[in-house]
**Q** 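Mind having a look at this structure? Questions to follow.
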Amino acid sequence: MSKTPTTSAGLTRRSFLKTTTVALGAMAAGSMLTSCAAQPEAAVVEGASYAPGQIPSESEQIFRGVCRPNCFGYCHINVHVKDGKVIKTSRADYADPAYSRICQRGLSHVQRMYNNERVKYPLRRVEGTERGAGQWERITWDEAIEQIVSKMQEYQDAYGPGSVAIALGTSLASSMTGSYTRLLQALSMTMILPSYDQASCWAMTRVAGTHDDWHANERTDLVNAKTIVAWGANITDAQVQQWHFVKEAMQGGTKLVVIDPTFTYLASKADKWVPIRPGSDTALLLGAVNEIFARDAINVPYVQQHTVAPFLVRSDTGRFLRYSEVNAEAAAAKAAQEAAAQKAAAAAREELLPQGELVAGMAYQSVLESMAYDDQPVVIQGGVPVEASKATDPDLYATFDASGVPCTTALSLLKESVASFTPAKVAQLTDIPEDTFAELVDVFLDQPVTHYVGYGPQAYANGLQTTHAGMTMCGLIGNLGYPGASYGSYWLTSTATDVTYNVGAGIGTSPMIIDLELPEVLSTGKFNGKDCPIKMLYVFAGNPLNCSPDTNRWLNDILPKLEFVVTADPMMTDTACYSDLVLPVCQWFEVEQITGMGETACFNYNEKAVDPLYESKSDAEIVHLIAQGFGMGDLFPKTSGEVLQQIHSGEAAEAIGATYEQIKANKEVRFAPTNPYIAFEGGTFPTASGRLEFYAEDPQPRGATHLAPTAEDVALEHLPHWFPPIHAWPESESCQKYPLVCMSERPRYRVHSQWHSVPALRELDPEPTVKMNPADAQGRGIESGMYVECFNDLGHAVAKAVLSNAVRPGTVVYPKGWHRTQFKAGSWSELIPGDFDKFAVNSSFMDTVCDVCPWNEGSDK
Ligand code: SF4
């Protein structure tokens, strides 16, 4: 970065610290655990009393901002502007005061905006220098766009449209992502999706049909739970904006149980902390399911009507038995319906053929689907097969012979599959004593219980199973769909607007590749059996060199195979450092924006508060300029406002009062159907059956993967099942060599790799640290405060040791989000393997092992 010019912040560091750091310091010292709580009397939120638009002094203006990292808080923020510069950020009020929050990060935006690591101008790697050498030349926007467009054209002409890929990150959780997805579609480029924190979403999609959303009850509902069970969720730090909901519930009598390998800050506030072996949550849940059967604690009416428990499953295919397979009349009706559908679909296809194969094919498929015969699963009632929707009291443990094929109910199969998970086996796998396990099951049964699931349990290769097992357990006892009763992580996404913002049917298609598959695709030039020679990567709103596993694989395998790499970002991220061309993008308060997801269930409007700093441009304008190079500028409006107007329009948006104009006028528009939102209310699920499908009839991998599942794999996936983590397990090969399980924690000072260079936060958290148990340190000659090297076969990271009995022996815990340049050597992501489960296709961040030794500079492992 040697040629990146120094910022002129408009504020000196001293003057900033006078205002913001004092406030941050007071928060840190006085009330870290409630730092995000609404506290109108506190000096640290002095802007809270300003009404939006109110001008407190002659020359100061206040704009409404939205803080929008993927902590999912979406806190509303007053952006104080004087003489064209942002001088302060403070808490702004939501209509619902429960969501009027701000944390240290939200208070430190000024230092984030006016930061030395802002990308100020388009930068090109100096020809002849290595990627990552930090040698840049400043170029004009015209030169940058011209080079991007000509490279895209060159590769697409030579290797096909998919040879240019755009990697979408998660740091821009807003409507503006749509500009890029529209560009992807228009030019038929390859889309690279991030692989982090997806196992839980995919499991929820599998069993509850959520399509990655609607996971749990809104957090304002926590007060209705008898007990909150926090699974691998250090809420006080990782989701600080939600801690007050837990605290308020506890003040009203709700108990808090924390299940976590580490004695976290949250555990220190809990009624009970249950230490668990890393990666064994699925075993605990399967044991609980077995115990529910043993105690005869199943909620019979619930499982009969709201789950697939009574559905008969064919022993030959593993699929549900259909009524047309047992009833001649239904079979005839089905055949007639299918013939009619085929005829209508063929006619629709014929009619649309002049518009192209793709449009005609889509129409054909759509007609077939709309006319599909409702061939219902079969249950047994009164000894005879009945269509599931017509049975009022189906047999939960029936068997049936379907023309020689034995069938039995999904519930019977589940019972059989968990029978070996006795309390003794659970104790052996999880390290939870049998009596503690029995107490936990008592807690689970004493409803309503909110299972507040963090991102820890799904960060192992078996993480998908954890959520599958958790939802199964809750479904068996009916602990879903009413106040206080839910399971999972929580956020909501509106369906009232289409943020994919596609150009339209028939204009190109984009292959979607999950980033964990990139090494395979780049080495074979194929994806999903088809040619996919990716030559160019354009990274937007993401930082894969920091946030994806196995940084050395990116540096030594992935990047060298890419001929041209562009990063568009406000900050000089790790990924930008190793790019060929870097584009400066507007920070949040330099551009108009709307968010339509998160914990507040609202569309939130972010006003443009100041002009873009330096030569930054908005994502909308950058995409417009690239599209213009392809002669498609008309399809891509130049300003954010125009894009937002197009995205936030239409009947669905109008129906809930969420058009662009309405959101802009009101600053927020709630889109959840109820308040608080109750997930799966009344026992309805957006699955094909409308029920909780704890038995997954057709389990699919999340995206195409070269590790295509075998028939045996699929057979196992119907029901939640146990397998140990790949690495982080005592019997694993890797653990024999590297005995410490290496776990990350989400700190309150960063969100992934964002805020890493904010001076005020660096004062509170100056450098990378790693926590370990004194017993593990002793044998290795390690003392607190010493620099240590954490290492395994993949790489290393040097950090300052913090010895603590809060850390489970045999593990180390590190706060994530530090950039490579902030380590004395290496980085955390170097240690993380890129191995993954073939159904979850998810980064298994904590399925990592390492060893630790004192660090001597120059003698790195
Ligand atoms: S970082 Fe998250 S919790 Fe903090 S102010 Fe921003 S949105 Fe709110």
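We count ligands from 1, going down the list as the structure has it; atoms in each ligand are counted the same way. Computed from heavy atoms alone, side chains included, the values below leave out hydrogens, waters and symmetry copies.
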**Q** With heavy atoms under 4.0 Å as the rule, classify the contact between Cys67 and ligand 1 as side chain, backbone, both or neither.
**A**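 Both parts.
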**Q** Using a strict 4.0 Å threshold on nitrogen-to-oxygen distance, state whether Asp197 and Arg746 make a salt bridge.
**A**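 Salt bridge present between Asp197 and Arg746.
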**Q** Evaluate the ring planes of His109 and Trp755, with Trp represented by its six-membered ring, and classify them as parallel (under 30°), tilted (30 to 60°) or perpendicular (over 60°).
**A**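 The arrangement is tilted - the two ring planes meet at 30° to 60°.
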**Q** Can you give me the closest heavy-atom contact between Tyr814 and Cys742, atom names plus distance?
**A**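 Looking at all heavy atoms of both residues, the closest pair is CE2-SG, 3.6 Å.
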**Q** Short check: any N/O/S atom of Cys103 below 2.8 Å from atom 4 (Fe) of ligand 1?
**A**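 For Cys103, the answer is yes, given that an N, O or S atom comes within less than 2.8 Å of atom 4 (Fe) of ligand 1.
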**Q** Quick one: do Asp93 and Arg91 make a salt bridge, cutoff under 4.0 Å?
**A**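 Looking at Arg91 together with Asp93, the answer is yes, because their closest N to O distance falls below 4.0 Å.
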**Q** Show the atoms of ligand 1 that are less than 4.0 angstrom away from any heavy atom in Gly106.
**A**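 Close to Gly106: 5 (S).
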**Q** Show which atoms of ligand 1 fall inside a sub-4.0 Å distance from at least one heavy-atom site of Tyr74.
**A**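 Per the distance check, 7 (S).
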